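For ligands, and for the atoms within them, numbers begin at 1 and follow the listed sequence. What you see is a predicted model, and the numbers here were worked out from it, not measured in a lab.
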Amino acid sequence: MVSTPTVEVAQSGRQYIATEVSASASPNQFLLPLTAQVNAQDHLEIGGCDVVDLVKRFGSPLYVLDEETLRTACRQYRQAFQKYYPAESLVIYASKAWNCLAVNAIVASEGLGIDVVSGGELYTALQAGLKPEVTYFHGNNKSVEELQYAIESGCTIVADNWHELKTLVALKPATPVRIMLRITPGIECHTHEYIRTGHIDSKFGFDPDQLESVFQYVSQQPELNCVGLHAHIGSQIFEIQPHGDLGSVMVQWMSKAAQYGLPVTELDIGGGLGIRYTESDDPPSIEEWVKVVCEGVVKACEAQGVPLPRLIAEPGRSLIGSACVTAYTIGGQKTIPGIRTYVSVDGGMSDNPRPITYQSVYRAVAANRMSAPATETVTVAGKHCESGDIVIKQASLPETESGDVLVVMATGAYNYSMSSNYNRLPRPAAVLVNQGEASIILQRETYQDLIRQDSLPERLIQA
Ligand code: PLP
C-alpha cells in the first residue's frame, strides 16, 4: 500500500509538483516511481534512498529500480483479474522488458508467470526460480537448440509459424509438447510502427486465413498438445477498445479450434498497456485495462455458449516501466546561440536505445536541486559518437552545471534489456531500492568485461 506524497513533473515553471498518491494508484499513470519524494536536502528520493547519494555510492550512470512500484503493479494486475474474471487467470511478465535474476524473482514471488523469447531469457527465468508450468516461450524464429531446451525444461511453447510446428514434430518429443498458437489478429492500434504487431503485415504469428489448415495440421500431430491461442496487438497502447475487441476475436478462434478437436482451454491476450512518459501521456489504469479485457472475453463466451478459458495476460512495460529511473551525471554543455544548448550526460543510446530507435520522448529532473525552477529548455545529449544519440530533445530543466545528477524517468522497460556496449561503454549498474535499503541487482560492467569474449590470434600479438 502506498500513501506517501510523491512527485509528479509539472507542466511548466517547476520541475515537480507534490502529489498525494492513493493506495490504489496505478503505477503506469505516473512519471516517477510511487515512492518518489523530495527530501530535506532538496534531492530526489526513491524507495527511501537519496538518488544523489546512490550515484556517489554506486557510480554513474545508474538504473534505480523501486521494488514497491514493481510489486504494486504486479498485485494490481492479479487483483483486477480476480475481481473481473470469474474463471482461472494468470498474469505472466513479458520479461523482454527487463529480464534479470532479481526482477524475475520479484515477479515470481508476486505469483506471476513469465514470458521469454530466447534461450537466454528462459535460462535466466529458470535460474531465478520461475516454474516451467508458468513459463511461456515466444519468438518468431526459435532455433532448434532453443526449441529442444524449451521442450526439456517443460515450458509452454508459443508456436509462431509453420516452420516451427514442423520442427517441433521432427524433434520427436518423448511426450506431447504443450503449445499455444500465435495468431495475428488484424487489429490496428495507434502506436509506433515497430512496436505494432497485431496488424496483418507483421512478422509474428499465423495469418487468420490459415487458421483452419493450422488447426487441422496440429490436430493430427500426436507430438503436439495445443492448449491455447495467443495474440499480441502491440505495445504502449492507450486505447482500451482494441483489447476488448481482441478478446471476442480470440473466442471465435477458440470455438473454431474446438471443431478440430483441439483441447484449447487457454487464451493469452498479450500485453501492450501504455505508460506515462510525458505529462501529456494519459494511459488507462491497470484495473481499467483488465476490466475491459475480461468483459470482452466473458461477453464473447456467453454469446457463443463456450466455457470460459483460462485467461492469460502478458504485460511488460506497464509492470516495470514506471518503477525505474536512470541517474546520469552531467558533463559538458555547448550553447549554439539562437539554436540550442546541448547538455551532455555520461550515458545515452547504449543504456537507453529507445529515443534513437523509436523517437521516444522522456522527461528528466535535476535530482540534486529539485525545487529549482525549470527555466531552460535544453537538449540532453548522450556521449556516443552518433549525432542522433539524444536522450531528450527538449528538456525543461533548471540551470544545470557539470556534476549535477540528471534523472530520466520511466526507464524500467526496454532500457537495460535493449542496452549495448556501443563505443565500448560498460553497462551501468542497477540497484533495487526499498525502504531506505539499496541492493545491487546488476553489477556495473568493467573494462575487463568488455574484452572477456575477445580473442587475439597469436600472430597478432605485438612483440
Ligand atoms: N507479448 C509479446 C508477444 C510481445 O511482443 C510484447 C512486447 O513487445 C509483450 C507481450 C509486452 O508488451 P508490453 O511491454 O507493451 O506490455
- Query: Stepwise, does the salt bridge (charged side-chain N to carboxylate O under 4.0 Å, His left out) test hold for Glu110 with Arg75?
  - Reply: CA-CA 7 Å; Glu110 291 295 338; Arg75 282 174 208 161; 2.8 Å; yes
- Query: Going through the distances and angles, do Lys172 and Glu223 end up as a salt bridge (charged side-chain N to carboxylate O under 4.0 Å, His left out)?
  - Reply: CA-CA 7 Å; Lys172 298 196 187 317; Glu223 294 84 359; 5.5 Å; no
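If you number the atoms of ligand 1 from 1 as listed, the ones under 4.0 Å from a heavy atom of Gly271 come out as 10 (C), 16 (O). Counting the atoms of ligand 1 from 1 in the order shown, those under 4.0 Å from a heavy atom of Ala94 are 9 (C), 10 (C), 11 (C). Close approach of ligand 1 to Ser235 (heavy-atom distance below 4.0 Å) involves ligand atoms 12 (O), 13 (P), 14 (O), 15 (O).
Remark: among candidates Tyr93, Trp98, Tyr414, the nearest residue to atom 7 (C) of ligand 1 is Tyr414, based on non-hydrogen atoms. Here atom 9 (C) of ligand 1 lies nearest to His232 when heavy atoms of Arg317, His230, Gln236, His232 are compared.
Here the two rings, on His138 and His232, have centers that are 6.0 Å apart or farther. Ring pair Trp98/Tyr414: centre-to-centre distance not below 6.0 Å.
Taking CG from Leu229 and CH2 from Trp253, the interatomic distance works out to 7.5 Å, rounded to the nearest 0.5 Å.
For residues 133-157, the pairs satisfying salt bridge (Lys or Arg N to Asp or Glu O under 4.0 Å) are Lys142-Glu164, with sequence neighbours left out.
Residue Arg182 has no nitrogen or oxygen atom sitting less than 3.5 Å from a nitrogen or oxygen atom of ligand 1, judged on distance alone. Of the N or O atoms in Ser318, none lie within a sub-3.5 Å distance of an N or O in ligand 1.
Looking at Asp115 against ligand 1, only its side chain comes within 4.0 Å, counting heavy atoms.
Under a 4.0 angstrom heavy-atom cut-off, Pro315 registers as being in contact with ligand 1. Remark: distances from the non-hydrogen atoms of Gly272 to ligand 1 include one below 4.0 Å.
Partners of Tyr277 under the ring-ring contact (aromatic ring centres under 6.0 Å, His included) rule, at least two apart in sequence or in another chain, are Tyr362.
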